[in-house]
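Structure, as structure tokens:
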There are 2 protein chains.
Amino acid sequence: MAEVRSDNASRHKTRANIVECAAQLLREQGTSAVTTRAVAQAAGMQAPTIYRFFEDKDALLDAVAEHVFATYVAGKTLVEDSGDPIADLRAGWDTHIGFGLANAALFGLLTDPSRGARSPAAAAGLEVLRARVHRIAAIGRLRVPERRAIELIHAAGTGAVITLLSTPPEHRDLDLADAMYETVMRSILTDVPTLPSDSATAAAVAFRAVTPKLTMLTDAERALLSEWLDRASDGLSRPGLRPRSDAVQD
Amino acid sequence: MAEVRSDNASRHKTRANIVECAAQLLREQGTSAVTTRAVAQAAGMQAPTIYRFFEDKDALLDAVAEHVFATYVAGKTLVEDSGDPIADLRAGWDTHIGFGLANAALFGLLTDPSRGARSPAAAAGLEVLRARVHRIAAIGRLRVPERRAIELIHAAGTGAVITLLSTPPEHRDLDLADAMYETVMRSILTDVPTLPSDSATAAAVAFRAVTPKLTMLTDAERALLSEWLDRASDGLSRPGLRPRSDAVQD
DNA sequence: CCATGTTGCTAACGCTGATAGCATCTTCAT
DNA sequence: ATGAAGATGCTATCAGCGTTAGCAACATGG
């Protein structure tokens with residue numbers, strides 16, 4: 001038989017080109033712009049040709065996910081497996097969050113339970129998380145079963161990204177991901193410093209809650225008071241942080 | 001002018017029928033089964049007739065979301081606003097989780113950042129959460145700003161549901177939602193009992209992590225040991241709970 | 001040099017969401 | 001009662017989608 005070896009180099013190149021065109025379309029124009037015809041045109045071919053390289057549109061999207069994710073982690077300085085497993089987990093968290101925010105449409109695909117469950121890219125990401133949690137368990141810093149830790153981290157991460165993506169960019173609370181990370185870590189790890197007793201913060205927050213009812217103040221006074229209380233409760237709830245000079249958070 | 005009053009009752013009834021047919025289709029056969037033609041056939045009409053009642057397919061889906069959610073909360077005993085704001089929040093959490101698991105396809109639609117952000121049903125749900133958190137703030141039990149608390153709860157809830165939905169039903173860890181709730185509450189509320197010092201659990205989890213390497217044990221022995229350690233670490237990490245006699249929890 | 005497999009094209013199918021335009025029915029003012 | 005106006009629902013149709021069939025051109029190993 002004529003066994004034309006298909007690792008012809010050219011085959012891989014055009015295949016990669018298709019994937020990259022699809023990825024660009026997905027990134028710049030969203031999910032609905034990724035049609036077989038649009039991808040084919042961007043890659044300089046006719047739509048049916050795509051099916052010479054991918055069984056499905058699904059398979060194409062899987063390849064896109066894999067490619068984009070690989071490109072992203074390659075761009076990051078890959079500080080895999082430093083001496084400190086907890087630092088590694090933290091780095092992985094930041095990568096995950098950053099990836100989700102930078103690739104909203106793709107993240108939506110990977111997150112969709114019907115599609116994402118069998119996506120190889122998503123599975124690979126989960127495997128990385130599993131390994132990192134395992135290393136933490138091995139050094140005796142985990143106080144919940146590994147599986148529970150993995151699920152909590154995974155759920156918290158995807159939830160944080162989705163919540164951020166659901167908020168218009170100019171209103172996003174970029175500290176949410178950090179807060180979520182600390183929240184989960186406090187439940188999962190041993191030896192995390194416990195939160196200080198917090199009556200001051202609680203009082204500030206409680207008073208802030210009733211501020212709108214303080215009709216004896218003018219609107220301007222109330223607005224100023226509200227802003228002070230916001231800063232107070234926010235600052236007190238994050239001990240050890242100095243107030244940021246650029247208070248741009250609208 | 002002829003001002004045909006369109007609160008004709010019949011109009012609302014056929015409209016409601018369309019919504020219910022679409023909801024049933026969505027629930028029983030998933031997102032892709034909800035086509036204008038399928039909905040129309042189920043409702044006993046032709047596809048274009050739907051557009052006499054809904055501007056878009058999007059608008060139809062919004063109506064479906066609203067209807068299903070309203071039906072769901074109506075089915076629950078509506079214990080709104082008991083004396084205890086924290087109990088109310090807890091009840092709302094359970095409702096949210098239960099709704100997500102019972103209506104996977106719809107939850108997927110509401111969760112999609114591109115669609116869900118402007119969905120009235122999703123906005124209404126968020127408003128309920130906002131009000132409940134506000135009441136907790138007012139009684140001085142919140143130790144983070146209201147907005148932060150809302151975002152954490154929302155992100156944790158959607159993340160937990162998505163994670164559960166991404167797992168095949170027979171492998172689901174149904175306690176994940178509870179664990180996530182406690183995790184978030186420990187970071188958000190004052191006066192939550194701090195976790196006990198946890199060296200025993202950590203030791204059990206750490207030993208569990210190296211169990212696969214214990215080659216001096218037989219496979220059967222290792223399996224048994226693993227199961228004991230799973231039960232030990234799981235039980236120790238949830239203080240105050242007796243081991244469950246039946247592993248099945250509703 | 002031919003047989004075989006690869007690559008890419010045109011044409012087409014069945015499906016989707018959506019629109020146009022025409023009948024029919026309801027309703028109300030006259 | 002009757003006719004104008006709006007509501008309702010239909011058929012026919014559109015452009016777009018993922019996907020398949022079938023054919024031509026090309027590469028390549030025996």
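Each chain gets a letter, A, B and so on, in the order its sequence line appears, and its residues count up from 1. The model shown is predicted, which means the values in this text are computed figures rather than measured ones.
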Quiz item: Under 4.0 angstrom, heavy atoms only, what part of the nucleic acid is Val34(B) near: base, sugar-phosphate, or nothing?
Solution: sugar-phosphate

Quiz item: In whole angstroms, how far is the C1' atom of dT19(D) from the CG atom of Leu60(A)?
Solution: 14 Å

Practice problem: Could you label the plane-to-plane angle of the His96(B) and Phe107(B) rings as parallel, tilted or perpendicular, counting under 30° as parallel and over 60° as perpendicular? | Solution: perpendicular

Quiz item: Has Thr36(A) got a side-chain N or O lying under 4.0 Å from the OP1 or OP2 atom of dG18(D)?
Solution: yes

Exercise. Starting from C1' on dC10(D), measure out to CZ on Phe53(B) and report it in whole angstrom.
Key: 13 Å

Quiz item: NA contact type, Thr35(A), heavy-atom cut-off 4.0 Å: base, sugar-phosphate, or nothing?
Solution: sugar-phosphate

Practice problem: Mark yes or no for a side-chain to base donor-acceptor pair under 3.5 Å between Arg37(A) and dG16(D), with no hydrogen or angle criteria applied. | Solution: no

Quiz prompt | Candidates Val34(B), Val68(B), Asn103(B), Val39(B) - the one meeting side-chain contact (heavy atoms from CB on, under 4.5 Å) with Leu26(B) | solution = Val34(B)

Practice problem: Compare the minimum distances between each of dG18(D), dC10(D), dG17(C) and the side chain of Lys57(B), then state the nucleotide with the smallest one. | Solution: dG17(C)

Exercise. Starting from P on dA25(D), measure out to CD on Gln46(A) and report it in whole angstrom.
Key: 17 Å

Quiz item: Any side-chain heavy atom of Leu126(B) within less than 4.5 Å of one from Ile150(B)?
Solution: yes

Practice problem: Find the distance between CD1 (Ile188(A)) and CD1 (Ile153(A)) and round it off to the nearest 0.5 Å. | Solution: 4.0 Å

Self-check item: Interatomic distance where CD1 belongs to Ile50(B) and C1' belongs to dT16(C) [whole Å]
Solution: 13 Å

Practice problem: Among dC10(D), dG17(C), dT19(D), find the nucleotide with the atom closest to the side chain of Tyr51(B). | Solution: dG17(C)

Quiz item: Base, sugar-phosphate alone, or nothing: which one does Phe54(B) contact when heavy atoms must sit under 4.0 Å apart?
Solution: nothing

Self-check item: Within-4.5 Å side-chain heavy-atom neighbours: Met185(A) and Leu89(A)
Solution: yes

Quiz item: Between Thr49(B) and Ala47(A), who's closer to the 5' end of DNA chain D by nearest nucleotide?
Solution: Thr49(B)

Practice problem: Select from Met45(A) and Asp56(B) the residue whose nearest nucleotide in DNA chain C is closer to the 5' end of that strand. | Solution: Met45(A)

Quiz item: Roughly how many Å is it from CZ in Arg52(B) to P in dT24(C), rounded to a whole number?
Solution: 15 Å

